[in-house]
Amino acid sequence: MSPRRTDAGGRIDRLRTIRFTFDGAPYTGHAGDTLASALLANGVTLFGRSFKYHRPRGVLTAGVEEPNALVTVLRGEVREPNIAATMVEIHDGLTAVSQNRFPSLAWDVSAANQLGGKLLSAGFYYKTFMGPAIGPLKSTRFWMFCEHFIRRAAGLGRAGTAADTARYERMNAFCDVLVVGSGPAGLMAARAAADQGARVILSELEPHFGGSANWSGETIDGMPGADWAARAAGQLEGYDNVRLLPRTTVWGYYDGNTLAALERVADHKERPGKGEPRHRYWIIRAKSVVLATGSFERPLVFPGNDRPGVMLAHAAERYANEYGVLAGNRIALFTNNDSAYRSALALKKAGAAIVAIVDVRPELSSEMRELADEAEGKILFGHAVVATEGGKALSGVKVQRFDMVNGALAGEARSIQADCLLISGGWSPTIHLASQAGAKAEWNAARQAFLPPKPTQQWIGAGAFTGSFSTAEAIAEGRAAGLSAAGGTGVPTALPVVEAAPGGPDPAPVFEIRANGKSFVDFQHDVTAEDVRLAYREGFVSVEHLKRYTTLGMATDQGKSSNIPGLAIMAEALGKPIPEVGTTRFRPPFSAVSIGSLAAERFGDLRPQRLTPMHDWHVANGATMYSAGLWYRPMIYGHPGETIEQAYVREARATRESAGIVDVSTLGKIAVQGPDAAEFLDRVYTNMFSTLAVGKARYGLMLREDGLAFDDGTTWRLGEQDFLMTTTTANAGKVMQQLEYFLDVIWPGLKVHVTSVTDEWAGAAIGGPRAREILAACATGTAVDNATLPFMGIVRGKISGVPVMMCRLSFSGEMAFEVYSGAGYGAHVWEALIEAGKPFGLVTYGLEALGTLRIEKGHVTGAEIDGRTTARDLHLDWMLSRKKPFIGSAMMDREGLIAPGRLELVGLISLDNQPLNGGAHIVEALDEANPHDSIGHITACCYSPALGKYIALALVKDGKARRGTRAHISDPLRNRFGPVEIVSNHFFDPDGSRMHG
């Protein structure tokens, strides 16, 4: 039998043995064990080293709040550092290693940092390395010298470099009631809401539902609490309107009752099942939320409180009752409240010897005395622990008389032999999600804890979360919360009867015992009580400054156990009550979230990928995809054996001869709505939009404030106060930012609302001589003839039963139409258009052909609107209204922007029938040996099937005046030199007869 495994008890499967390794040593545990419980069962007490002093540390807690026992889990070559051993479920083949130590956990050379004394006190890095001003190391040079070594010492676990091969998923869920936490309060809330017919999601971060019922040792409805919880969870499984999510941590509460959760689907398995992800990221939108998240037990602050073998009382009780593991054989307890007495009794029943119960309070209730007698523990009331003894494991404690009123110690300290010290400094409700949802926590003097704020969103609290620490109160509050969240009233009904150990919920207001030696507040970051007082002396008294100066609460546990003691010590230094010192607002995530789960199905990519609604169709039909900004778009639809050039020439030629269709869903789309929408657009665009008729579109140009061209696109007037603006794909975000900036800062009085709707609309552009026939063959509910749908006209109809909006406009120089549908119907409409176009020779074309068509027509894009060109440079000065001011109008006529010699848009034709390259320079006199005197550069180029030549768009000095002249291409990097003719940028259909025909 393992050294500390009890003969019976716990919820582990003793018939199933699990083999794992820790720091290379083999161990065994049982199914249901965590890594922490299994190592404790094997007699392991040393789990890790602290961040700054590298002090030896043992496990402190039994849950997500663990600050000490952090390990790195190895999955093949993949390393995952900083995982709490209390949250790692063991499985066959599990490999874990300790971290932040060298060369080993037992013998860590960096433990010498403990000799640094005050040199390594709070804020040492701000002060120690800013000098000395001696010789070559004066000023910041000493810091730069030390920086290399500091960075090597920083951090805890070491991240790996191997690619993570695991799969991740993302899920969206909608419910009437989300219940967070499945203790007695959560189970009752879920049942009550489900009985009202509400759609319920019950999430629990632990593997098993039940919360404290699984380890409290209480009796509920005449059965052990764990059995009652299992029965309640089993009953909920039978509801069609209930979704149960074990191993799921709700880590963020956002606006609109949107919550984020992480489900650990396969971490507890040697390998995931077929099709299983490792983690699943849930985005949950709930009408109402019940927060039944329980509470955390707090440690007490006293010298030596960080030694391995010091543990929270409830954690030891849980290890005994849930895992059948004793935290020690000779156990002492140190407390300021009644809950530790229940723990003492539980550990006595599990087989441990209770050698002493040290209580700071001078008087105890008769019930607590009876519990202590039953636990056979000697009570030392009016005493405090002032030191611990031992090295890498606890061997004893020192106690001394203590006056709770003034904090004074009296008499001689005496030693008590013990291999485990359990501490309990009161309880802090787990209010993190409520704090994230908004509002400031409220201090409760009786509970000596911050209680939840008044709700600013649709949530209701229940159980220990609200400061109601008894199971009977939790059950009653849980049922009431579930009924209220579901909008029901319910009828009075008998609640489960709870048999529990007696005890009050209120602790004595004692957080620290001041004695000689280091007393730790934040265990992981080695923040001591003296560090907090040093922050006070140096003026860092704001709770936010205290946090950042000392790093209190900035460790991986985010201050779950250290915040209240730290605030109490600062409050004492300031001579103020704790609520006046305040508390930091909790921010998401509540606990660590894998980046892979946030990326989900797109995990493994360097950056996010945006896919159009037709993406799968493109891939299935042979498209070669590539990234255009964040979007993935078809480059070509190549035939076997075709080169890229052959493919795009074929696609472009077919479009000119018959018709082609291209996916334009990526165009930026912004809804501009409100009484002043037209006026706003007049100010944004260089041309007029207030005169645009409803049901018509207009091409528009935007300038930056400095007068340079910013973006172009079309805007459609859908109603008197309703416009749909389209932008280039690349500038969609920038345009939206500019619109919001001017509305918020420059023109806040305008009654306009702008909304990005890019992802709401799927778009297809169909163009060519037969485009109208194709549209007429599949559109219903409207005609598409020239009278009904003239150039820049808009109509609404249906295609294959789907409502669509169609506008006649062209980017290719051909008669063309853009068809928009809801994004969810994008692929359906796309396929209907293609089916209708088959008799007319319709082809799909990609970005290469799209670029070819636009170059032939002479349209500009981001390659020409590059942040240096003006409307005049691009021959768009006809769009500059002189009847109104607009963004950039005050600066567009600056001397430098209208001076001769500016780069102007032109067309180029290759005279040697060789391809041209984007970025190549243009020179008047060719000098291959010494390229010089560039007069411009190519912005876009292609082979033109319409002209049968290689052509390009370019920006050339005084370009308009050079039309009809010759020049040379000078591209030494690609060894391309050759003659070109400078022509108009309108290569094809310059009069627009095809587009307007």
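These values consider heavy atoms only, across backbone and side chains, with no hydrogens, waters or symmetry-generated copies.
Inter-residue side-chain proximity for Pro505 and Trp427 is flagged as unmet; no heavy-atom pair is nearer than 4.5 Å. Contact of the Leu300 side chain with the Asn336 side chain is registered, since non-hydrogen atoms from C-beta on lie closer than 4.5 Å. Under the 4.5 Å side-chain criterion, counting only non-hydrogen atoms from C-beta, Arg414 is in contact with Leu380. Counting only heavy atoms from C-beta outward, the side chains of Glu389 and Lys398 approach each other to under 4.5 Å. Using a 4.5 Å cut-off on side-chain heavy atoms (C-beta onward), Pro67 and Leu60 make contact.
Within the 3.5 Å criterion, the main-chain N or O of Ala62 finds no donor-acceptor partner in the side chain of Thr86. Proximity of a side-chain donor or acceptor of Thr34 to a complementary backbone N or O of Glu89 within less than 3.5 Å is not detected. Under a 3.5 Å cut-off, the side chain of Arg318 and the backbone N or O of Thr61 do not form any donor-acceptor pair. Between the side chain of Asn42 and the main chain of Thr28, a donor-acceptor pair closer than 3.5 Å is present. The main-chain N or O of Gly390 is found under 3.5 Å from a side-chain atom of Arg307 such that the two form a donor-acceptor pair. Looking only at distances, a side-chain donor or acceptor of Arg447 sits under 3.5 Å from a matching main-chain atom of Gly467. Side-chain atoms of Thr293 come within 3.5 Å of backbone atoms of Thr430 as a donor-acceptor pair (strictly under, hydrogens ignored). With hydrogens and angles disregarded, no donor-acceptor distance shorter than 3.5 Å links the side chain of Lys52 to the backbone of Val527.
Salt bridge Glu66/Arg57: absent, no basic N to carboxylate O contact under 4.0 Å. Here Lys348 does not pair with Glu374 in a salt bridge; the nearest charged N to carboxylate O distance is not below 4.0 Å. Salt bridge status for Asp338 with Arg361: present, with a side-chain N to carboxylate O gap under 4.0 Å.
Aromatic ring orientation, Phe590 versus Phe296: parallel (interplanar angle below 30°, classes split at 30° and 60°).
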